[in-house]
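Bear in mind that the values here come from a model prediction, so they are computed numbers and not experimental data.
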Amino acid sequence: MLKLVASDPRLVLDENQVRRLRYWILEILPSSDYLIEPGPGAVITAYDRTPDELAPALRAKFEEIAGCHWLDAP
């Protein structure tokens with residue numbers, strides 16, 4: 001399971017940000033079993049992927065969309 005937690009626990013993703021994250025998850029990762037929790041304290045979980053499948057460029061895209069860093073959840 002790949003789980004990312006926003007570094008800012010106050011972060012709340014708006015609908016546009018969720019839609020853009022969903023696009024990248026489906027097109028680039030791709031994951032069919034995922035959940036985006038908009039927050040506060042946004043979380044992205046891809047149940048059918050592993051942390052090593054997240055390319056640095058995709059993480060950077062997620063950070064660009066959210067405006068904050070994403071941390072690997074234990």
Side-chain angles (χ1 to χ4, degrees):
M1 174 176 66
L2 167 65
K3 187 170 186 176
L4 302 173
V5 178
S7 62
D8 181 355
R10 299 166 298 165
L11 177 69
V12 177
L13 301 170
D14 63 31
E15 190 174 319
N16 184 49
Q17 290 169 307
V18 170
R19 186 173 51 252
R20 291 176 63 205
L21 288 167
R22 182 180 303 122
Y23 168 81
W24 287 99
I25 290 169
L26 292 172
E27 293 296 321
I28 305 302
L29 205 43
S31 177
S32 60
D33 188 12
Y34 69 92
L35 176 64
I36 300 172
E37 299 173 61
V43 177
I44 299 171
T45 307
Y47 296 99
D48 55 352
R49 297 291 170 215
T50 61
D52 61 322
E53 293 180 89
L54 182 64
L58 185 55
R59 180 186 293 268
K61 188 62 164 177
F62 288 173
E63 292 176 351
E64 174 189 323
I65 292 168
C68 79
H69 293 288
W70 292 94
L71 307 173
D72 294 322

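Judged as a salt bridge (Lys or Arg N to Asp or Glu O under 4.0 Å), the pairs with a partner in residues 1-11 (not counting sequence neighbours) are, in order, D8-R10.
Contacts of R22 classified as salt bridge (Lys or Arg N to Asp or Glu O under 4.0 Å), with partners at least two apart in sequence or in another chain: none. Residues satisfying the side chain to side chain donor-acceptor pair (under 3.5 Å) test with S32, not counting sequence neighbours, are D48. In this view, E37 satisfies the salt bridge (Lys or Arg N to Asp or Glu O under 4.0 Å) rule with no residue, not counting sequence neighbours. With sequence neighbours excluded, the residues forming a salt bridge (Lys or Arg N to Asp or Glu O under 4.0 Å) with D72 are R59, listed by chain and number.
Taking Ile, Leu, Val, Met, Phe, Trp and Tyr as hydrophobic and joining them when side-chain heavy atoms fall under 4.5 Å apart, one finds I25 in a cluster with L2, L4, L11, L13, V18, L21, Y23, W24, L26, I28, L29, Y34, I36, I44, L54, L58, F62, I65, W70.
Shortest non-hydrogen contact noted between V5 and A73 is CG2-CB, 3.6 Å.
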